[in-house]
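Encoded as structure tokens, the structure appears first; notes follow it.
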Amino acid sequence: MEPTNFDELEVVDAKPLRSLPPDVSPFETYIPPSNPQIPIQKPSINNKVGVSKASPMDVKSSHANANNGDDHNSVSSNGEKKQRLSRPTKKVKLSEEVRLLSLEGDRDSVSKVMIKFDALRRRLAQIEPEPIKRPDLKVGTIMMNNGLRTNARKRSGNVAGVDIGDIYFFRIELCMIGLHTQTMAGIDYMNVTYDQVQEPVAVSIVSSGGYEDDDGDGKTLIYTGQGGNASIDQKLEGGNLALERSVHRGNEVRVIRGIKDVESRKSKVYIYDGLYRIEKYWTEKSKMGATVFKYKLVRIPGQREAFTIWKSIQTWRDNIGCRPGLLLMDITSGEEKVPVSLVNEIDGDKRSPRFIYLKGLKFSKTMKPLVGCNCQGACLPGSNCSCIKVNGGDTPHTNGVLVVQKSVVHECGPSCSCYPGCSNQVSHDGVKVRLEVFKTKEKGWGLRSWDPIRAGTFICEYAGEVIDTDAKGADVDDEYTFTATNAGDYSNEWNYVPELIDEKKPVDLDEKFKPSSPIMISAKNMGNVARFMNHSCSPNVFWQLILHGQNKDSFPHIMFYAIKHIPPMTELTYDYLKCGKKKRCFCGSANCRSFFGQEFCETEN
DNA sequence: GTATACTCATGCCT
DNA sequence: CAGGCATGAGTATA
């Protein structure tokens with residue numbers, strides 16, 4: 001039997017946060033807790049399905065498996081098979097790539113869990129005609145049962161791989177990355193033994209408007225205890241007791257703030273706001289006369305800004321004049337339906353970039369005509385819509401977000417007879433999120449968003465003048481040229497794992513799609529916001545070829561989509577790969593390749 | 001061990 | 001479009 005190394009892992013985990021690599025700990029100043037470090041608890045849930053000890057998720061055993069060979073079935077015991085049968089979802093054999101998540105998380109495994117979660121959630125929301133009521137919980141169960149989670153052991157303090165400011169759209173997402181392990185409850189706690197006394201301490205709380213909390217301008221938080229109601233007093237037990245004990249222990253408590261989503265008012269967005277300490281607690285009488293507990297939490301100084309950014313943005317929305325460094329209110333001059341502001345908070349340079357704002361593509365010669373559908377009204381999945389059929393039967397977008405990345409996606413367009421509200425028209429009408437072009441320190445201008453962006457959200461097109469590659473002597477030596485000869489670097493890393501829901505693979509009828517001629521778009525003289533988007537070796541945006549209609553000979557559009565949930569004011573970047581001149585990379589990511597681009601892009605073959 | 005209570009979710013319904 | 005309500009799942013507790 002594979003020895004387990006919990007002790008060794010616990011030693012590693014007990015390191016003070018400041019000794020973690022800088023990209024894991026976002027602290028500039030670290031204040032040690034007034035009491036000894038709280039140990040990490042072993043996960044209780046995983047013991048049920050047997051992935052805890054001999055799990056491929058465990059760093060050490062997964063390495064051992066890789067060394068011993070590739071037979072992952074050896075991990076399964078007979079006992080586990082019995083449990084499998086009693087489980088609603090079965091365990092499936094996963095590709096090695098998917099298994100590379102560790103029990104102790106890092107930025108990469110947290111990111112992978114999040115991406116795989118949302119990919120499957122989008123797919124389940126897409127499946128017709130029997131939509132699943134709660135795709136979030138369904139996917140959560142499937143992934144938990146297959147060990148696709150990180151930081152499974154409860155801990156106090158920061159969670160490796162989770163950055164302050166990271167955002168989430170479902171409570172179950174917090175569970176799967178170990179930030180807050182309660183699916184509904186607001187207080188998460190664990191029992192610790194100290195001086196031979198066992199007591200609960202709070203490790204994280206979610207404040208999202210269910211009770212009357214006071215957000216204290218983002219620096220403090222008055223949090224209401226759990227339980228009770230209008231006529232029943234709250235009791236000092238469970239989460240309330242843990243919070244009370246944490247006042248005395250002085251341990252760090254993670255705070256997640258949930259607010260109504262800016263875009264879709266019905267859903268919520270959760271912001272990880274970093275570590276707080278509980279200064280004091282007291283009881284009060286509610287309006288109906290019942291006793292409630294109140295806790296005053298104070299944010300530990302020196303941490304990256306998170307929730308306060310949201311508050312600043314709200315003031316800018318109310319009055320754009322409040323935005324510091326504002327140079328232009330709208331660089332699109334009304335071309336886009338949403339204004340795009342231009343700011344420089346770096347230096348005193350007040351010059352704005354010189355170019356003509358162009359919303360889409362400009363052709364120098366007539367292109368092959370588009371072929372559209374004949375639908376009346378909105379095109380629905382399973383209908384006779386020819387644009388949807390050519391995608392394989394599903395509408396590519398669900399609830400406005402792209403479900404899977406493909407070599408090409410067919411959307412309805414100007415030649416279709418369906419009306420403009422058709423759900424197969426997402427990317428053609430320009431920018432929908434509130435963007436801002438800003439001056440960066442080392443990379444010239446950059447692009448970011450005031451709105452939180454969900455994974456799969458359409459961001460913008462790469463607009464500009466289409467270069468006629470058939471014409472002799474086409475000048476392409478231009479750093480504002482987007483170039484592609486194929487569907488790009490699309491490798492299914494972003495797509496859902498079909499085996500998890502008994503599917504073969506995502507339907508991609510156009511798997512071998514290649515543009516009829518190389519795509520070259522110059523945004524030097526004319527372009528849109530995309531011309532400001534910088535390169536990163538760890539991008540948060542990818543591009544997807546989109547055809548407006550069904551004829552594969554027409555010119556595909558380059559459309560940018562969010563890879564993951566992107567918090568407000570985070571720079572939007574995509575991987576330039578080999579496009580453009582070779583340049584030094586300043587993306588600063590852990591796996592930076594130091595350079596990007598080369599003398600010129602791949603030649604067609 | 002297993003069952004059950006608890007909870008600052010969700011989505012759909014009216 | 002609030003607000004009510006049925007369903008939901010991980011965890012703690014008995």
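So you know, we letter chains A, B, ... as the sequences are listed, proteins then strands, and number each from 1.
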Between [X] ([atom1]) and [N] ([atom2]), how many Å, whole number?
X: A/L174; N: C/dA9; atom1: CG; atom2: P; value: 17 Å
X: A/F117; N: C/dA9; atom1: CZ; atom2: P; value: 12 Å
X: A/N151; N: C/dG10; atom1: CG; atom2: C1'; value: 17 Å
X: A/N145; N: C/dA9; atom1: CG; atom2: P; value: 10 Å

| query | What residues form a salt bridge (charged side-chain N to carboxylate O under 4.0 Å, His left out) with A/R122, not counting sequence neighbours? | reply | A/D118
| request: Could you pull out all residues at least two apart from A/K287 that satisfy salt bridge (charged side-chain N to carboxylate O under 4.0 Å, His left out)? | output: A/E212
| said: Given 3.5 Å as the limit, does a donor-acceptor pair link the side chain of A/S111 with the main chain of A/R107, or not? | reply: no
By the 4.0 Å heavy-atom rule, please label [X] as base, sugar-phosphate, or nothing.
X: A/T181; result: sugar-phosphate
X: A/F170; result: sugar-phosphate
X: A/G186; result: sugar-phosphate
X: A/D188; result: nothing

| field | Strand DNA chain B in bracket notation, Watson-Crick/G-U under 3.5 Å with | for pairs to another chain | value | .||||||.||||||
| task | Sugar-phosphate means primed atoms, P, OP1 and OP2; the rest is base. With that split, encode nucleotides 1-7 of chain C 5' to 3' as B, S or - using protein heavy atoms under 4.0 Å. | result | -------
| field | For chain A, the stretch of DNA chain B it reaches, first to last nucleotide, under 4.0 Å of its heavy atoms | value | B/dT7 to B/dG11
| request: Return the orientation label for the A/H565 and A/F169 ring planes: parallel under 30°, perpendicular over 60°, tilted otherwise. | output: perpendicular
| message | Can you tell whether the side chains of A/D451 and A/R434 come within less than 4.0 Å, N to carboxylate O? | response | no
| field | Lys/Arg-Asp/Glu bridge criterion (N-O < 4.0 Å) met for A/E336, A/K432 | value | no
| A/E284 versus A/T291: any side-chain heavy-atom pair under 4.5 Å? | no
| How about A/I205 and A/D188: do any of their side-chain heavy atoms sit closer than 4.5 Å? | no
| Is A/N384 atom CG crowded by more than 12 heavy atoms from other residues, nucleotides or ligands, each under 6.0 Å away? | no
Distance-only check: which donor-acceptor pairs under 3.5 Å involve side-chain atoms of residues 215-222 of chain A, not counting sequence neighbours?
| unit_1 | atom_1 | unit_2 | atom_2 | d |
| --- | --- | --- | --- | --- |
| A/D215 | OD1 | A/D217 | N | 3.3 |
| A/D215 | OD2 | A/K311 | NZ | 3.1 |

| Hey, mind stepping through A/D213 and A/R257 against salt bridge (Lys or Arg N to Asp or Glu O under 4.0 Å) and telling me if it holds? | CA-CA 11 Å; A/D213 298 339; A/R257 301 200 186 231; over 6 Å; no
